[in-house]
Amino acid sequence: MKNGFLTFIFAFIPGAGQMYLGYLRRGASLMTFFTLLIAGTTFIPFLCGPLLPVVWFFAFFDTFETRRRMTQGCPREDAFMDFGLLEHGCEGFVSRYRKPLSIGLIAVGVYLLFRQFLYWPLLHLLDMLSPVTPLHHFLSSFFGGLPTLAAAALIIWLGIRLMRGPKAPAAPDFVPFGEGEYPHE
């Protein structure tokens with residue numbers, strides 16, 4: 001059995017407690033998800049920020065639940081956590097929630113565009129009207145936002161693609177023998 005004090009210490013790092021207990025896949029998926037949420041707070045703080053404590057608390061208490069199951073002799077299977085996305089296949093999840101996912105992706109993309117290309121440049125433009133702020137602040141904020149423009153365009157494109165649905169199958173380029181009109185020799 002693993003040391004209780006070390007389990008407690010590792011439980012403070014999402015995924016590390018699971019890894020310490022020998023659940024490497026479970027711990028790696030929790031750690032990856034938490035790290036992606038931290039990175040996501042840069043672009044989508046209103047969405048990723050509130051999820052950070054939820055995932056942290058889940059990982060903390062899941063460490064002790066995993067340890068409890070191990071001590072009772074009914075350990076859980078070490079598997080990657082898919083958070084319900086792969087339960088019915090990723091395609092099944094996407095097809096079931098196509099419209100909300102599409103609207104969400106488009107909304108996030110529009111928000112990113114607004115935040116980068118309207119809010120901050122207008123703020124800098126107002127600062128420029130005062131005699132203290134030079135023009136280069138406005139230009140640097142606009143051109144510094146080009147990576148966000150690319151990310152926002154990609155997110156909006158994905159949302160539109162999801163909303164359209166799958167492409168219709170193409171008509172065959174050939175007609176099977178015996179069907180259609182053929183010239184006789």
Side-chain angles (χ1 to χ4, degrees), residues 1-116 119-120 141 144-163 166:
M1 179 46 68
K2 299 288 186 169
N3 184 316
F5 179 72
L6 288 177
T7 302
F8 176 73
I9 296 299
F10 282 122
F12 282 96
I13 303 169
Q18 289 80 1
M19 289 179 169
Y20 175 70
L21 294 173
Y23 289 85
L24 297 179
R25 291 180 180 144
R26 188 173 186 84
S29 57
L30 274 169
M31 196 174 281
T32 302
F33 186 61
F34 191 75
T35 304
L36 288 174
L37 279 177
I38 290 173
T41 58
T42 304
F43 298 107
I44 316 167
F46 65 90
L47 181 65
C48 296
L51 288 176
L52 281 171
V54 172
V55 173
W56 186 88
F57 278 108
F58 173 81
F60 183 82
F61 290 111
D62 184 65
T63 301
F64 297 106
E65 176 64 18
T66 302
R67 186 171 192 268
R68 183 189 67 78
R69 285 182 171 210
M70 288 174 66
T71 57
Q72 290 182 347
C74 56
R76 57 175 58 156
E77 178 185 347
D78 182 25
F80 289 108
M81 296 179 69
D82 61 4
F83 306 101
L85 292 176
L86 302 177
E87 189 172 295
H88 302 288
C90 196
E91 292 174 4
F93 177 82
V94 170
S95 66
R96 189 175 338 138
Y97 300 108
R98 178 176 303 282
K99 292 245 185 217
L101 283 172
S102 303
I103 291 168
L105 286 172
I106 293 170
V108 168
V110 168
Y111 167 76
L112 289 173
L113 286 175
F114 169 77
R115 189 179 114 207
Q116 189 64 42
Y119 178 73
W120 291 113
S141 72
L146 289 179
T148 304
L149 171 66
L154 177 67
I155 289 171
I156 292 172
W157 178 78
L158 283 172
I160 291 170
R161 289 283 301 208
L162 274 173
M163 189 166 287

Where at least one partner belongs to residues 102-114, residue pairs that pass salt bridge (Lys or Arg N to Asp or Glu O under 4.0 Å), sequence neighbours excluded: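 Qualifying pairs: none.
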Pairs where residues 40-56 contributes a residue and the test salt bridge (Lys or Arg N to Asp or Glu O under 4.0 Å) is met, not counting sequence neighbours: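 Residue pairs with at least one partner in residues 40-56: there are none.
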Partners passing salt bridge (Lys or Arg N to Asp or Glu O under 4.0 Å) against R69 (at least two apart in sequence or in another chain):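 Counting only residues at least two positions away or on another chain, R69 forms a salt bridge (Lys or Arg N to Asp or Glu O under 4.0 Å) with E65.
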Interatomic distance, L52 atom CG to F33 atom CZ [nearest 0.5 angstrom]: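 Reported value, rounded in 0.5 Å steps: 9.0 Å.
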F60 and F64 aromatic ring geometry - parallel, tilted or perpendicular at 30°/60° bounds: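 Ring orientation, 0 to 90° scale: perpendicular.
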Residue pairs passing the side chain to side chain donor-acceptor pair (under 3.5 Å) test where at least one lies in residues 34-43, sequence neighbours excluded: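 Listed once each, the pairs would be none.
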Pairing residues for P75 by the side chain to side chain contact (heavy atoms under 4.5 Å, CB included) criterion, not counting sequence neighbours: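 In terms of side chain to side chain contact (heavy atoms under 4.5 Å, CB included), with neighbours along the sequence ignored, P75 is linked to Y23, M70.
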Residues in side chain to side chain contact (heavy atoms under 4.5 Å, CB included) contact with L113, at least two apart in sequence or another chain: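 L113 satisfies side chain to side chain contact (heavy atoms under 4.5 Å, CB included) with F117, L149, A152, I156 once adjacent residues are dropped.
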Minimum-distance pair of heavy atoms, taken over all atoms of R26 and D78: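 Nearest pair, atom of R26 first, then D78: N-OD1, 3.1 Å.
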Non-neighbouring partners of Q72 that pass side-chain hydrogen bond (donor to acceptor under 3.5 Å, both in side chains), sequence neighbours left out: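 Only R68 meet the side-chain hydrogen bond (donor to acceptor under 3.5 Å, both in side chains) criterion with Q72.
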Residue list, side-chain hydrogen bond (donor to acceptor under 3.5 Å, both in side chains) with T7, at least two apart or on another chain: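 With neighbours one apart ignored, the set is empty.
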If you look only at distance, which donor and acceptor atoms sit under 3.5 Å apart when one is on a side chain in residues 8-19 and the other is two or more places apart or in another chain?
from	atom 1	to	atom 2	distance (Å)
Q18	OE1	G15	N	3.4
Q18	NE2	A59	O	3.1
Q18	NE2	D62	OD2	3.0
Q18	NE2	T63	OG1	3.4

Within 6.0 angstrom of R76 CZ, more than 12 heavy atoms from elsewhere: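 Enclosed.
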